[in-house]
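Data block below; observations after.
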Amino acid sequence: MLDRKLVRKDPERVRKGIAGKHVDFDVDAFLAKDEEMRDLIQETEKLKAERNDASHEISRLKKEKKDAAPIIAGMKATSIRIREVDEALKSISEEIDNLALAMPNLPHESVPYGKGAEDNPVVKSWGEIPEMPEKPLSHWEIGEKLGILDLAAGAKVSGRGFVVMRGDGALLTRALINLFLDIHRKQGYEELWVPFMVNRASMVGTGQLPKMADDMYHCERDDFFLIPTAEVPVTNMYRDTILEGDMLPMKFTAYTPCFRREAGSYGQDTRGMTRVHQFDKVEMVRYALPENSYSDLEVLLGDACEVLEVLDIPYRVIELCTGDLSFAAAKCYDIETWAPGVEKWLEVSSCSNFEDFQARRAGIKLRREKRAKPEFVHTLNGSGLALPRVIATILEMNQTPTGKVRIPSALIPFMGGIEYLEA
RNA sequence: GGAGAGGUGCCAGAGCUGGUUGAAUGGGACGGUCUCGAAAACCGUUGAGCGGGUAACCGCUCCGAGGGUUCGAAUCCCUCCCUCUCCGCCA
């Protein structure tokens, strides 16, 4: 959510920011409604002040055993009017709230302007892509050959977009989760284990709702949502909370499965495990002081990159341009690894600064000094990392001419000493 | 799932026979007096959101959430959520 006062005061800046994201939003219609609402607020408040005065008067008269009937009779009309105005006010503020929730965050001034993914600049590259066999196999071919990835089984028990990992494949998943969490703990993140289903307020808090409703799995009976990322439970832990100034910064890491309907992406990545409905991810979430959030974003990005460096996997970092930036983000870096089998860069991490956008929605504030006015915190998060794409990269990048897959050395201790995946 | 108890300010805890109660009292925290310093004691301060105003300030709302009754509700009624105790069921 944006600061409503900012929208009033500097609509031009808001219009520009929204336009940069290529989102359709009528700022003027919003402002018109906002003004209408403020008129109603003033009317009802005036009436209520009247009513409060009369109430005191009635109370006084009754105590003095005097007749209050005339005032009471007079207040009946006022009361009815208050009810009418409040009703109108309620309906218009609901409209405004819905509009406000659909207004995207504004890109940070440092974000390059662009239309879409093709305009995202590469800002960093690390490692060398090793020499590959003539025709590198895709991860699903390797996975099936080694018997560690069973897509048919996944399709049978659940459906398309679900995978079964078996044997050393299952072990690989577990090993990666452990390695990732260990790295983040060393980086100073507090490890959390959180619910995988959350309530509606949490989904609104981090910005998944109402905009992305179609991409979420919903348990209607209990109105629970399967989390699309650990960001949701971790960021919402402090929903409607005023933090003490010295609590910041806070940083958390959590492993969770992630559930996504991928409603808008039919036809993309239809094979393999690079786009599935359920996947595993280790996430980092930071609560930052506003003045530090951008330096924190760089640190967060570095913390995610470190995971790939530990695994000795080459990567590149791209900065999302305005047009490719997600709804809630003010600035975002994606980390991508090369998958020679599918000949694609895979997004294994996304590190974003939401500034106070989520904090406003979720009501996460901080009080710097004892009696200071609470202000909104900044929230950030980044994947560290998304498992299936890392696995795809490892399988494709580390495949040998003899059909084996070399396990990155840092991972071997987590794999019970296994150095190669082989049939 | 069944039975009961309860959800009030930073915490504890009154109020709940409807009427200056945003809320007693205690604790904590902060500021001050006292002291060489500290403790104790004493005095004072101590919620958030919204609207109006350059500001000082003024007004409105909030006692789990949402409705209702009433001139007026923390206080009465209804629905929902959550917590605790007991029973049942269960990994």
Side-chain angles (χ1 to χ4, degrees), chain A residues 1-10 30-101 193-205 209 218-225 233 236-248 257 356 358-377:
Chain A
M1 209 155 29
L2 296 181
D3 182 0
R4 243 174 247 192
K5 286 182 185 132
L6 170 74
V7 185
R8 276 177 214 150
K9 231 173 38 201
D10 196 356
F30 178 85
L31 285 172
K33 281 250 178 285
D34 181 63
E35 201 174 332
E36 204 181 319
M37 181 187 74
R38 275 146 63 215
D39 287 345
L40 287 173
I41 286 175
Q42 294 196 40
E43 185 176 355
T44 186
E45 286 191 353
K46 210 177 129 200
L47 290 167
K48 282 175 183 168
E50 238 172 74
R51 184 179 69 186
N52 288 342
D53 287 344
S55 258
H56 290 155
E57 187 63 13
I58 290 166
S59 169
R60 213 201 74 225
L61 288 173
K62 288 215 167 179
K63 260 179 203 157
E64 295 172 6
K65 307 270 187 224
K66 288 182 184 161
D67 183 20
I71 306 185
I72 289 175
M75 286 322 286
K76 279 192 186 178
T78 307
S79 236
I80 289 168
R81 181 66 191 145
I82 287 174
R83 207 165 289 209
E84 284 168 2
V85 177
D86 273 350
E87 220 156 285
L89 181 60
K90 192 186 159 194
S91 109
I92 195 164
S93 24
E94 263 168 31
E95 271 181 70
I96 292 202
D97 289 346
N98 288 336
L99 285 175
L101 287 175
W193 187 270
V194 295
F196 302 157
M197 290 196 279
V198 298
N199 57 31
R200 182 172 288 273
S202 291
M203 292 295 269
V204 172
L209 289 181
H218 182 211
C219 309
E220 211 163 301
R221 200 182 166 116
D222 301 293
D223 205 24
F224 284 140
F225 293 83
N236 277 285
M237 262 203 320
Y238 290 97
R239 176 151 44 78
D240 296 324
T241 305
I242 299 176
L243 304 165
E244 298 302 322
D246 59 6
M247 289 170 75
L248 293 180
D356 64 5
Q358 293 181 327
R360 276 178 193 283
R361 290 178 158 242
I364 308 169
K365 299 187 162 184
L366 89 119
R367 199 196 316 267
R368 290 180 194 257
E369 304 286 336
K370 277 293 162 213
R371 221 145 278 151
K373 195 173 142 67
E375 52 188 301
F376 290 105
V377 305

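It should be emphasised that the depicted structure is a prediction, and the values quoted were computed from it without experimental measurement. Proteins come first, then strands; the chains are lettered A, B, ... in the order of their sequence lines, and each starts at number 1.
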Whether each nucleotide of nucleotides 45-58 of chain B has a protein heavy atom under 4.0 Å at its base (B), only at its sugar-phosphate (S) or at neither (-) is summarised, 5' to 3', as B-SSSBSS------

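In this structure, the side chain to side chain contact (heavy atoms under 4.5 Å, CB included) partners of A:K33, at least two apart in sequence or on a different chain, are A:E36, A:I92, A:E95, A:I96. Scored by the side chain to side chain contact (heavy atoms under 4.5 Å, CB included) test, A:N98 finds no partners at all (sequence neighbours excluded). For A:D222, there are no salt bridge (charged side-chain N to carboxylate O under 4.0 Å, His left out) partners, not counting sequence neighbours. Applying the side chain to side chain donor-acceptor pair (under 3.5 Å) test to A:D246 and every residue at least two apart in sequence or in another chain returns nothing. Remark: A:R368 pairs with A:L289, A:P290, A:E291, A:L366, A:E375 by the side chain to side chain contact (heavy atoms under 4.5 Å, CB included) rule, at least two apart or across chains. Scored by the side chain to side chain contact (heavy atoms under 4.5 Å, CB included) test, A:K5 finds A:D3, A:R8 as partners (sequence neighbours excluded).
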Pairs under 3.5 Å (Watson-Crick or G-U), crossing ones as [ ], inter-strand ones as |: RNA chain B comes out as ((((((((.[[[..)...(.....]]]((((((.......))))))((((((....)))))).[[[[[..)....]]]]])))))))....

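The salt bridge (charged side-chain N to carboxylate O under 4.0 Å, His left out) contacts involving residues 48-59 of chain A comprise A:K48-A:D86, A:E57-A:R60, where partners must be two or more places apart or lie in separate chains.
B:C62 and B:A5 have their C1' atoms separated by 26 Å, with the value rounded to a whole Å. The separation of B:G18 from B:C77, taken at their C1' atoms, amounts to 13 Å, rounded to a whole angstrom.
Considering only side-chain N and O atoms, A:N52 lies nowhere under 4.0 angstrom from the phosphate OP1 or OP2 of B:G59.
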In residues 73-83 of chain A, what donor-acceptor pairs under 3.5 Å come from side-chain atoms, sequence neighbours left out?
{"from": "A:R81", "atom 1": "NE", "to": "A:E43", "atom 2": "OE2", "distance (Å)": "3.2"}
{"from": "A:R81", "atom 1": "NH1", "to": "A:E84", "atom 2": "OE1", "distance (Å)": "3.1"}
{"from": "A:R81", "atom 1": "NH2", "to": "A:E43", "atom 2": "OE2", "distance (Å)": "2.7"}

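Taken from CE in A:M1 to CG in A:D97, the straight-line distance is 7.5 Å, to the nearest 0.5 Å. Taken to the nearest 0.5 Å, the CE atom of A:M197 stands 11.0 Å off from the NE2 atom of A:H218.
Using a 4.0 Å cutoff on non-hydrogen atoms, the parts of residues 75-84 of chain A near RNA chain B are A:M75, A:K76, A:S79, A:R83, ordered by number. Less than 4.0 Å separates RNA chain B from at least one heavy atom of each of the following residues of residues 85-94 of chain A: A:K90.
Of the two residues near RNA chain B, A:E50 and A:S59, the one whose nearest nucleotide lies more 5' is A:S59. The nearest heavy atom of RNA chain B to A:K46 and to A:I72 marks one nucleotide each, and the one closer to the 5' end goes with A:K46.
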